[in-house]
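Okay, so here's the structure we're looking at.
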Amino acid sequence: MRGLSSSQQRVVFALAGALLVLNLASFAFGEAPPQTLARVWAGTWGTPYGVGQVLFKATPLLFTGMAFSVALRAGLFNIGTEGQLAIASLAGAWVATKLGANVPWFLAVPVVLAVSAAVGAAYASIAGAMRAKAGVHEIITTIMLNRCADVVLPWILTVALSVDGVRTAAIAPGARTAGLDTWLPSFHGSAASLAFPFVVVLAFAVEAWLRRSRIGREFEWIAQSPSVCEAQGIDVAKRRMQAMLLSGALAGLTVMGTVLGYKGYFELGLGAGAGFSGIAVAMLGRGGAVQLVAASLLFGTLAQAGLAINARVPRDAMGVLEAVVILLMGATAFASARVEPAPSEPARDKGGAA
Amino acid sequence: MVVASAPRIELHGVSHRFGEFTAVRALDLVLEPGRIHAVIGENGAGKSTVLKLIAGLLRPSAGAVSIDGDVLAAGSPRAAMERGIGLVHQHFMLLEPFTALENVMLGAEPIRRNILGGMRFLDWIGALDFDAARAKAQALAADSGLDLDLDARVANLSVGEKQRLEILRILYRGARAILLDEPTAVLSPLEAAELYRTLRRLALRGHTIAVVTHRLDEVSRFADEVTAMRRGECVLREQLPPRHGRLDASAEASSQPEPEPSALILRLTRAVMGGDVPASAPKPPVAPGAAAVLELRDVSVRGVGTRRLDNVSLRVHTGEIVGIAGIEGNGQRELATALAGLLDIERGTILLDATSPFAGHNDAAARVRAARARGLITVLDDRHHDELLLDATVGDNLVVGDLGLADEALIQKRRFAIFAIEPRSPSRLASELSGGNQQKVVMARAFDRTRHSLDPSTNAAHQPRALVLDQPTRGVDVGTARILHDAIIGIAAAGAGVLVISADLNELRTLCHRIVVLREGGLVAELPPTASDEDIGRAMLGVADRSGREEAVA
């Protein structure tokens, strides 16, 4: 493993562990491991269609992974991307259904994205305000707000918008995001859309902006020490609020991958799970935009692989695999942190009396 | 408790390297039972590393530490502890919400086993035996003269009491060799004298004592033997006259007249600094009739817990350096944080050039920025809590809080050049710097804020207004402290009004035109810089002076 950084080593360990578990799972379900692996390969990176599907699955994960990591930069844990993206997707989709059939894409898509980002930010601002004004920890409030979204969404959909069933009408054609197969015909049949290149560019842009700008640097300083920042005159409450707003807005943009680029309407449960998987993507992809994109592709691959083997091995096996990757990453991160000895560990905390 | 005789600790050719950097180089050292051994040196000279090597927290790169002739298992704190070695860290390692007794017991709790009758493997379900722990702790405290309320919460203890608690804690674990890392850095002179009385008593009981300190006068007054270190090497070792070796609790206190810098102190200073100390710049007198720059009128502020500032009135004039003395926790931090704009002022007014520096803001962040824009600059005492981002670069630390106000590259370069910060690279992390260099970063930022407007359109130097410094040289070596003192005197000479809060009375005497004493949140006395330790100490403790009255604030 020489020549690899410790984070690269962790990824290698995690992938090896995941592969092992996949083999065991397929063995347990009476399928020969090599055949399962072949199926996984063919369903993901082995065919153009598979690649397209991986990109499609990675798209919402990259949005939510970015959302989580932006908040984390300021030392905040936005566990609420799940609820933020759901409410924002409904809002964006509803606006998109109201647009005229002949509104061109260069108007329709920005309008829908702006609405979704604003609604996602607004929903996240509830947790942000409670942290800034009342000191209520955002982990608690964002989890609660996820549950609130679960309850409120069906009500809005059926009562406030008087929609029959669990989905909105189809969105205006101008708001649809074109599939990648428009330019790359071999992706035909896959659901990958322009949302993927968009979110990749966005990830690099946000990273570059936060690295250079005053707001981004102050985020990092606040995460390091809010007390120092306060004493030096940085408005910590305001910056935390801004981090939550930005995080919620990015979560809201997930609408591009799910509604605009894929379904063409909003239905209950669309994008569900992307928020939580986004946390794993953000934790795995710490350190920069490249890592974040790679992590989203990894989890996108696992999700797509689950579909590919579903006929023989339950796709839940892939959920187990995701968990294994997260656990191994966490455990190895912990182990590598322990290897370097704490320089001034107090002696007397270590044992009993003489 | 197994009563063992105190260990004789020997270091033979011990070296320790941190990466490229050699902290300790081929050091020989013998710590004898019954003696107080002082280890002195500048920041980064390797003093604390020596203690950590003895306590097994660090592993020697070469050489060996032996206890009573047996080589200590390298890098094993547990083995060192079992041989009776206890280390009191510079920063307290206490659980604030718990009582003193609970802290003493922690990790070595006796178990009641009257029900289960000595089945040791069932100990974990037994109740803690607080009575046994209390009896043992009380006996140890009485024996060593450690005056402490065992039922007090640690959060409510003074710094001196916390220090005593730390010592009691390691005695409780059977320590017979006591190593203390800069124990007096945060103590008042009276508390320091009290600590040394305790240490002397322990030494007479046969304990082995080693003390790392910056304060050379302590060495001449209290130690039996001294080792001076410079750049990881022993540069001077001296046995001190036996007059120091006696227990004389009443006479050994600070009531002795302050001795003139003796030949010994000069010798030690030269050894530690590697040459002669440059003389401190003389402080110019305050011009008669100088205008008041900073004024507090009946200011009351509520701090953490029961701490507060009560009806404090004070004026600092142009060119004047006013010192605040007092036992830690008597309102110093409240005073400094209120002047910084971080605390709401309950009653009274703070004035800078006769108007409020806070521009009527209700929000702390806005107040901090407003005060800074007006030229009221504050440096708080807790470097790691308020002043320095340890995981950020030196360059970032030089500009934190000032982004967007001025050309960053320009102010960063200007601030980096004010003091010779080592290592000479703004891209190093602040945590990699020694304490003295960390403080240089903090002070460079403050001095630059005092002298330069942050208005990007002008960016010109301007007349310095007011500087509030809480413990400006705490934990900083003699050479760096001298540099910082000269800078403080210089900025006052340039017209700033300076308020210095310090636990170091020598520092206050060197810098200040007058010294006011803060006790229980109020100003209780004003003294000239020529006042003795004893006079200042009496005012700090609220003891009436010889003539039976307290001095009133002028």
Side-chain angles (χ1 to χ4, degrees), chain A residues 7 72-75 128-129 131-135 208-243 286-288 333 337-354, chain B residues 1-2 4 18 48 52 55-58 75 77-78 80-87 89 91 93 106-109 169-170 172-176 337 340-342 363-372 378 380 382 384-392 396-397 400-404 408 445:
Chain A
S7 63
L72 190 63
R73 254 187 140 86
R131 174 71 197 258
K133 304 277 182 235
W209 175 60
L210 288 179
R211 238 179 236 282
R212 283 172 184 76
S213 66
R214 175 181 177 191
I215 185 171
R217 291 170 67 197
E218 292 191 349
F219 279 177
E220 283 181 35
W221 294 342
I222 287 168
Q224 273 190 32
S225 171
S227 62
V228 168
C229 291
E230 245 154 38
Q232 300 306 315
I234 293 173
D235 195 334
V236 173
K238 186 176 98 184
R239 287 280 181 246
R240 281 188 173 143
M241 186 66 176
Q242 289 168 333
R286 283 204 297 206
R338 279 179 57 121
V339 170
E340 294 141 32
S344 61
E345 210 171 343
R348 58 184 176 279
D349 288 347
K350 285 213 161 179
Chain B
M1 186 174 71
V2 182
F18 294 105
S48 302
K52 285 177 184 160
L57 292 173
L58 295 174
R78 179 144 209 158
M81 200 167 16
E82 279 164 5
R83 296 303 301 265
I85 292 172
L87 173 61
H89 287 261
H91 300 283
M93 308 274 182
L106 188 73
E109 305 90 344
R169 187 152 95 151
I170 59 173
Y172 184 88
R173 281 132 196 280
R176 301 276 296 156
T337 46
L342 288 165
D363 169 59
R367 277 197 304 249
V368 171
R369 288 195 300 269
R372 186 179 304 160
T378 308
L380 298 177
D382 195 336
H384 295 172
H385 184 267
D386 304 309
E387 296 293 338
L388 212 59
L389 295 161
L390 289 173
D391 296 328
D396 277 357
N397 271 291
V400 62
D402 295 336
L403 284 192
E408 184 189 338
R445 192 174 62 204

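Every chain is numbered from 1, with letters handed out A, B, ... down the list of sequences.
Open room surrounds CZ on A/R286; 12 or fewer heavy atoms of other groups in view lie less than 6.0 Å from it.
Neither the backbone nor the side chain of B/D382 comes within less than 4.5 Å of any heavy atom in chain A. For a residue to count as touching a neighbouring chain, one of its non-hydrogen atoms must lie under 4.5 Å from one of that chain's; by this rule B/A340 does not touch chain A. Looking at A/E218, only its side chain comes within 4.5 Å of chain B, counting heavy atoms on both sides. Of the atoms belonging to B/R367, not a single heavy atom falls under 4.5 Å from chain A.
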### Task
Under the side chain to side chain contact (heavy atoms under 4.5 Å, CB included) rule, what do A/E230 and B/H385 come out as? Steps first, then yes or no, please.
CA-CA 10 Å; A/E230 245 154 38; B/H385 184 267; over 6 Å; no

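For the set B/D363, B/L380, B/L388, the entry with the most heavy-atom pairs within less than 4.5 Å of chain A is B/L388. Options B/L342, B/V400, B/T337, B/T378 differ in how many heavy-atom pairs under 4.5 Å they form with chain A, and the most are formed by B/V400.
Looking at A/W221 and B/L403, their side chains come closer than 4.5 Å, going by heavy atoms from C-beta outward. In this structure, the side chains of B/E387 and A/V228 stay at 4.5 Å or more apart for every pair of heavy atoms. Contact of the A/Q232 side chain with the B/R369 side chain is not registered, since no non-hydrogen atoms from C-beta on lie closer than 4.5 Å.
In this structure, B/V368 and A/A231 approach most closely via the heavy-atom pair CG1-O, 3.7 Å. Taking all atoms of both residues into account, the shortest heavy-atom contact from A/Q224 to B/A392 is OE1-N, 3.3 Å.
Annotation: the span from A/C229 atom SG to B/L389 atom CG amounts to 5.5 Å, rounded to 0.5 Å.
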